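Some notes on the structure that comes next.
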Amino acid sequence: TEERQMAEVMLRSATEENERLKKELESFASGDAAVLETIRAGKENCHEAVNRWTDNTFLLKSWVEKKCGDREQASKFFKDHGVNFNNFDYLE
């Protein structure tokens with residue numbers, strides 16, 4: 001009958017879509033290790049960069065203190081620019 005033929009076409013279409021989605025899912029699963037390794041390497045780079053910027057910020061603080069000759073004035077300068085050295089430190 002026509003209903004049966006229509007149901008067979010829909011079943012075939014759904015089966016093909018299911019197979020396509022299974023292959024797509026497998027492609028995601030196989031890339032997970034590579035993606036995870038890339039993220040780990042990127043994390044290490046970011047950690048080094050953060051600590052380098054922290055070094056630079058402390059060097060700048062030292063330079064500003066020497067230039068101003070007054071720690072309070074230097075502290076005010078950094079607080080005005082959003083840097084609070086009370087909770088500013090390197091990443092562990």
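Source: prediction; values computed, not measured.
Hydrophobic cluster membership differs between Val50 and Phe58, with clusters built from Ile, Leu, Val, Met, Phe, Trp and Tyr side chains linked at under 4.5 angstrom. Leu59 and Val64 fall into different hydrophobic clusters, where Ile, Leu, Val, Met, Phe, Trp and Tyr residues are linked whenever their side-chain heavy atoms come under 4.5 Å apart, directly or through other members. When the side chains of ILVMFWY residues are joined at heavy-atom separations under 4.5 Å, either directly or via intervening members, Phe78 and Trp53 end up in two distinct hydrophobic clusters.
Glu19 CD: more than 12 foreign heavy atoms inside a 6.0 Å radius.
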Practice task
Could you please spell out the steps behind the salt bridge (charged side-chain N to carboxylate O under 4.0 Å, His left out) verdict for Arg4 and Glu8?
Solution key: CA-CA 6 Å; Arg4 180 178 171 98; Glu8 287 175 348; 3.4 Å; yes
Problem - side-chain contact (heavy atoms from CB on, under 4.5 Å) between Leu21 and Glu17, intermediate numbers included - result: CA-CA 6 Å; Leu21 290 172; Glu17 179 70 9; 3.9 Å; yes
Problem - Worked verdict on Phe77 versus Val83 for side-chain contact (heavy atoms from CB on, under 4.5 Å) - result: CA-CA 9 Å; Phe77 169 81; Val83 179; over 6 Å; no
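Cation-pi check for Lys61 over Phe85 is met; the charged atom lies under 6.0 angstrom from the ring centroid and within 45 degrees of its normal.
Note that the CG atom of Leu60 and the CG atom of Asp55 stand 12.5 Å from one another [nearest 0.5 Å]. Separating the SG atom in Cys46 from the CG atom in Asn51 is a distance of 11.5 Å, to the nearest 0.5 Å.
For the pair Arg20 and Glu24, the salt-bridge criterion is met [side-chain N within less than 4.0 Å of a carboxylate O].
In summary, of the residues considered (Lys43, Glu48, His47), a side-chain contact (heavy atoms from CB on, under 4.5 Å) with Asn45 occurs for Glu48 alone.
Looking at residues two or more places apart in sequence or on another chain, you find a side chain to side chain contact (heavy atoms under 4.5 Å, CB included) between Lys67 and Trp63. Residues passing the side chain to side chain contact (heavy atoms under 4.5 Å, CB included) test with Lys23: none are found, sequence neighbours excluded.
Taking 4.5 Å as the limit, every side-chain heavy atom of Met6 sits out of range of all side-chain heavy atoms of Glu2.
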